[in-house]
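What follows is a single structure, written as C-alpha cells, with notes after it.
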Amino acid sequence: MQKKKFISIYLVFVILCILITVYQCGQVTEKFGEELYGIATDDTIELDEDTEVAAEFVLKEEELRGVSVKFQTEEKFDAEKMKAQLYDGETDELLAEDTVVLKYERIQNKDGGSFIYFSLPQKQAKDKNVRLVFSMDGKVKVKPSLVVSKNAVNSSKLKNGNKDSDKNLVFKTRYFLGESRNYGAVAANGIYLCALGTLLFFFAYKRKNQRHSENEKACGKKRFMEQKFIWKRSLQPVMGRRDYIILFFILACVGFYLIYVYRFGVSSAIKENSYFFLKKMYALFGILVLVASAVICACCMRKQLPVEKAFVPVGLCLGILFSLVICLDTVPDEPSHVDTAYALSNEILRIPESGKPGYIFKRVEDIDSDAEERQSLDVENYKWMYQRRSWMAEDETLAECSVRSNLGNGGKIYYLPQALGISIGRILGLGMLPVMMLGRFFSLICYIILVYSAIRKVPVGKLTLFLIGILPISLQQAASMSYDGMINGIAMLYLAYNVYAFYGGRRLEVSDIAVIALTGSLMATVKGGTYIPLCLLPLMLLWTRKELLKEEKLSIVSMVGLFMFAFAKDRLIGTLSTLSVSQGAAIGGAKSKEVYTFGYLLRRPVRLIGVYVNKIHEQGSEQLRNLFGGNLAWRDINIDWYLVIFLIILILLSCIRQGKEKYIPRIEKVYMGVLALGSFGLIELSMLLVWTPVTYNYITGAQGRYFIPFLFLILLCLRNSFFTVKKNIERQIMLLFCVTDLLIVLQVVLIALE
C-alpha cells in the first residue's frame, strides 16, 4: 500500500512536469539581434540646438526595429528632447524618425555612458545604405554628449556637422529576426525539474522503508520537549544585577557616542550649512539606536536564549539601523537592483511591458533619474530622504523610463522579496521613499529567516555563522535592494545543511536533502557560476557518513551531477562565449576599455599568475577590509581600522572549539578549503575577463563582499584541537560584536556628515 501511494504521487509529479514543459514549449517568443558600432568610450560630441551628428552605415538584416545610441551627461535633464532620423543613403529619403523626452533617461554608468533607444522601424532593410542623424528638438539647458570610439566592431562613417571624423559613433542597431519557440531551454528545465524530483522521491521512498527504532523516536520526542522547555524558559526574565550593570554601561557608551556624533557631526553641519532638518532626524534616530541597544543587550545576555533565536531581534534591529543610515542608491549598484525589482513588481501587478528594450513603466512618483548622482553618501543624501518623507504618493501616473536589469547575474527569485515590498507599497499608494524602504525591509526579513534557519540547523560553528550574519557588510547588503542579501542567505543555508549532513549525528531526512538540492541549484547558476565549486561540497558525505547505503551514495553523486547540469543549461553558453572572445574585441570595466581575454591569458600563463599575485599585493588589504565591513555604502565610507580589526579578532575567537564540540578532520578541512579557494579563483577570473583593462597588471573590480557565501567554510577550516576553551564565552563575543556594529552605524553617520 505504501509503495502504491509513493508511485501515485510520483506519477502525478511527473505528469505535472510534462504539462508545464509542454505549455512552455507552446509559448512563442520574438527573437531579436543587435549589431554594435563603436566599442569603447574614447571621446564625446556635445549636442545642442545647432549641432547635428550623423553616422552612415549598412543595415545587416531585413527588419530594423530601432537604434540605441550611447550618451553621457553631468546633470539631470529637464525638458530636453532628442530626435533621431533615418535617411536612405542613396535617395536621401526620410525612412523613419523618433523623438525622446530626456527627462526620464538616466545615466547608469557615468564613466562609460548609457544608451537611449529610438524606434525606427524599417522593413526590407538588408544591405541598405542609410544615414542616421541625431539632433536636439527645441531649447536645450542640459546638453547630452554622444560617445565616440576609435575602434569598432562594425564600421560606420561619422560626421559632426559638416566635418568628417575618423572615429566611430557608439550605437547599436536592433533587428527583428522572427518568432521562435525555445524548445532546447524549456526541455532542459523540464528534465532538470523532473530529475531533481525523482531524486527526492527516491530518497524519500528509501527512508520510509527503513524502520526507526522506538528508542530513536523516544529520543526525538525528548529532544523536542527539551527544546520546547528551553524556549518557554528563555521567555522568563533571567537578567540579574550584573546584567543590568552591563546594560547600563553599554547604553552609557552608546549614548556618549550619540552625543559625540551630534557635537562634531550634526551640530557642525547645521552651523556651517544650515541643515536644520538634521535635528529632527537625528533625535528620532538616537531614540531608535538606544532602543536597539537595549534589545540587543537583553538578547545577547540571556544565556537560555538559543543563538539562532537571539539572531532574529539582533539582526532586525541592526539591519533597520543600517538601512536608515545608508541611504537609497548609495549601496553598490543599487539603482540597477531597484530597476530589476521594480520590473518584477510590474509582472506581479500585471502592468504591461514596454515595447522598447531597456525601458519599463514606473509611477512618475518613483522615477529616480538622478540616482547615479547620489552614489556618494553624504549630508545631501539625508536631505534628499527628508524631502521625500511624505507617506502618500503625489503622482501615480505611469510613464516609460530607462532602466538597467541585473537578471543576467541571477534569477528573479533573488528579487522576489524586494518586488513584493514594492508591490505592497504601490497597492497602498505610498510615496516613493516609503515604497523603496518597504522593499528593503522585505529583503532584510527574508535574509533573517534564511540565516536563522541556517544557524538553527548547523551543528558546528553556530556562533561563527551568527557573526557572519551580522557583519556590517552583510547587513548593509541584506537591508538594501541588492540581491546579495538573498545570495548570502541562501549560501549560508546551503552550507549549514551540508555541515549538518556531515556532523549532525542523526539520520538525513528528505527535507534535509531537499534543502541542499534546492539551494545548491541556486548556487550553481548565480553570478555566472563562480560559486560552482561549492556545489561539490555534498560529495563529502561519501566518506563522512559511512552508514549511508549504496543507493543513498548514488543519490548524492546524482545530486551533484544535477548541479553541474543546472550550471550547463543556464550559464555554459555565456561562459564559453566569454572565454572564446578574441583579443581586442572584449570591452568592459567602468570606462568601457579593452579587457583581458582567456586566449590571451592561455598564451601568457606567467602573466596570469602575476596578475593574481599583484592582486593580493595591491588590493588584498582593501578586499579584507571590505569583507569585514571596513568599506560601506559605495565603498566610500571608510570605517576606522581598529573597529575592523576588533571584528576580525572576535570572529577568530568564535572559531575556537568549545570543550566537547565536534572536531573536523584535517582531510575534510583541506577539501573545504580547496572548494573555497576554487570559488575565490573563479570570482577573480571573472573580474579579470569582464572588468580589468589590459593596461593593468592586477585584477580590479572584485569586492570583498563577493566572498561572504564561502566565508563560513574558510572559518571552519581554522577550527583545530590545539586551541580550545573550557569556559563558554559566546555571549560575551556576541555582545561585543553587536556593540561594535552599533558604533559602526554611528560612525557611518559621522563620516557622511563630515
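What you see below is based on every heavy atom in this structure, not just the backbone, and it leaves out hydrogens, waters and symmetry mates. Keep in mind the model is a prediction, meaning the values are calculated, not measured.
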### Task
Go through L438 and I422 one step at a time and tell me if the side-chain contact (heavy atoms from CB on, under 4.5 Å) criterion holds.
CA-CA 6 Å; L438 197 59; I422 291 173; over 6 Å; no
### Message
Before you tell me yes or no, could you show the steps for F32 and R65 under side-chain contact (heavy atoms from CB on, under 4.5 Å), namely the whole-Å CA-CA distance, both residues' side-chain angles and the distance that decides it to 0.1 Å?
### Response
CA-CA 9 Å; F32 295 94; R65 283 292 176 91; 3.7 Å; yes
### Task
Carefully, step by step, assess T397 and D395 under the rule side-chain hydrogen bond (donor to acceptor under 3.5 Å, both in side chains).
CA-CA 6 Å; T397 307; D395 190 350; 2.8 Å; yes
### Message
Evaluate N406 against S336 for side-chain hydrogen bond (donor to acceptor under 3.5 Å, both in side chains), listing each step before the verdict.
### Response
CA-CA 6 Å; N406 253 355; S336 61; 3.2 Å; yes
### Steps toward side-chain hydrogen bond (donor to acceptor under 3.5 Å, both in side chains) verdict (H337, Y415)
CA-CA 8 Å; H337 294 303; Y415 290 98; 2.7 Å; yes
### Task
Decide side-chain contact (heavy atoms from CB on, under 4.5 Å) for V147 and I45; before the verdict, give the C-alpha distance in whole Å, the side-chain angles of both, and the deciding distance to 0.1 Å.
CA-CA 7 Å; V147 176; I45 300 175; over 6 Å; no
### Task
Decide yes or no on side-chain hydrogen bond (donor to acceptor under 3.5 Å, both in side chains) for Q72 and T44, but give the supporting numbers first.
CA-CA 8 Å; Q72 293 180 346; T44 58; 5.0 Å; no
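Closest approach of F311 and F466 over heavy atoms only: CA-CE1, 3.4 Å. Of all heavy-atom pairs spanning M392 and S390, the tightest one is O-OG, 3.2 Å. Shortest non-hydrogen contact noted between V295 and C317 is CG1-SG, 3.9 Å. Taking every heavy atom of both residues into account, S443 and Q418 meet most closely at CB-CG, 3.9 Å. Considering all non-hydrogen atoms of both residues, M687 and T700 come closest at CB-O, 3.7 Å.
Atom CD1 of I413 is surrounded by 12 or fewer heavy atoms from other residues, nucleotides or ligands within 6.0 Å. For CZ of F264, the number of neighbouring non-hydrogen atoms (other residues, nucleotides, ligands) closer than 6.0 Å is greater than 12. More than 12 heavy atoms of other residues, nucleotides or ligands lie within 6.0 Å of CD in E97, so this atom counts as buried by the packing criterion. Within 6.0 Å of CZ on F249 lie no more than 12 heavy atoms contributed by other residues, nucleotides or ligands.
Of the possible polar contacts, none joining the D339 side chain to the S405 backbone as a donor-acceptor pair under 3.5 Å is found. R625 places a side-chain N or O within donor-acceptor distance of the main-chain N or O of I639, the cut-off being under 3.5 Å. Looking at N488, its side chain never comes within 3.5 Å of a backbone N or O of I708 through a donor-acceptor pair. In this structure, D640 contributes its side chain and Y642 its backbone to no donor-acceptor pair below 3.5 Å. Between the side chain of E308 and the backbone N or O of A454 there is no donor-acceptor pair closer than 3.5 Å. E394 contributes no side-chain N or O that, together with a main-chain N or O of E365, makes up a donor-acceptor pair within less than 3.5 Å. Although no hydrogens or angles enter the test, the distance criterion places no donor-acceptor pair under 3.5 Å between the side chain of E34 and the main chain of K172. Judged by distance alone, with hydrogens and angles left aside, the side-chain atoms of N626 form a donor-acceptor pair with the main-chain N or O of N631 at under 3.5 Å. In this structure, the side chain of Y452 does not engage the main chain of Y447 through any donor-acceptor pair within 3.5 Å. At least one donor-acceptor pair under 3.5 Å links the side chain of T740 to the backbone N or O of L736.
Among Q477, R440, Q375, the single residue meeting the side-chain hydrogen bond (donor to acceptor under 3.5 Å, both in side chains) criterion with E334 is R440.
Residues N346 and R426 meet the side-chain proximity criterion, which asks for heavy atoms closer than 4.5 Å. Inter-residue side-chain proximity for Y275 and V266 is flagged as unmet; no heavy-atom pair is nearer than 4.5 Å. Looking at V100 and Y117, their side chains never come closer than 4.5 Å, going by heavy atoms from C-beta outward. Residues V67 and R174 are not in side-chain contact: their nearest non-hydrogen atoms beyond the backbone lie 4.5 Å or more apart. Between C327 and L377, the closest side-chain pair of non-hydrogen atoms falls below 4.5 Å. Between L742 and Y257, every side-chain heavy-atom pair lies at or beyond the 4.5 Å cut-off. Between L475 and L321, every side-chain heavy-atom pair lies at or beyond the 4.5 Å cut-off. Under the 4.5 Å side-chain criterion, counting only non-hydrogen atoms from C-beta, Q703 is not in contact with D484.
With Y359 as the aromatic partner, K356 meets the cation-pi criteria of under 6.0 angstrom to the ring centre and within 45 degrees of the ring axis. A cation-pi contact, defined as under 6.0 Å to the ring centre and within 45° of the axis, links R389 to Y386. A cation-pi arrangement is present between K362 and Y342, with the terminal nitrogen or guanidinium carbon under 6.0 Å from the aromatic centre and inside a 45° cone about the axis.
Rounded to the nearest 0.5 Å, atoms CG (L522) and CD1 (I490) are 5.0 Å apart. The distance from the CD1 atom of I116 to the CE atom of M82 is 5.0 Å, given to the nearest 0.5 Å. One finds the CZ atom of R705 at 14.0 Å from the CG atom of L471 (value rounded to the nearest 0.5 Å). To the nearest 0.5 angstrom, L444 atom CG is 9.5 Å from L318 atom CG. Note: D368 CG to D366 CG = 9.0 Å, rounded to the nearest 0.5 Å. Atom OG of S474 sits about 9.5 Å away from atom CZ of F322, to the nearest 0.5 Å.
Less than 6.0 angstrom separates the ring centroid of F118 from the ring centroid of F134.
Using a 4.0 Å cut-off between charged side-chain N and carboxylate O, K103 and E80 make no salt bridge. A salt bridge does not link D48 to K139: none of the charged nitrogens lies less than 4.0 Å from a carboxylate oxygen.
In the model, Q387 has no side-chain atom that pairs as donor or acceptor with a side-chain atom of Y382 under 3.5 Å.
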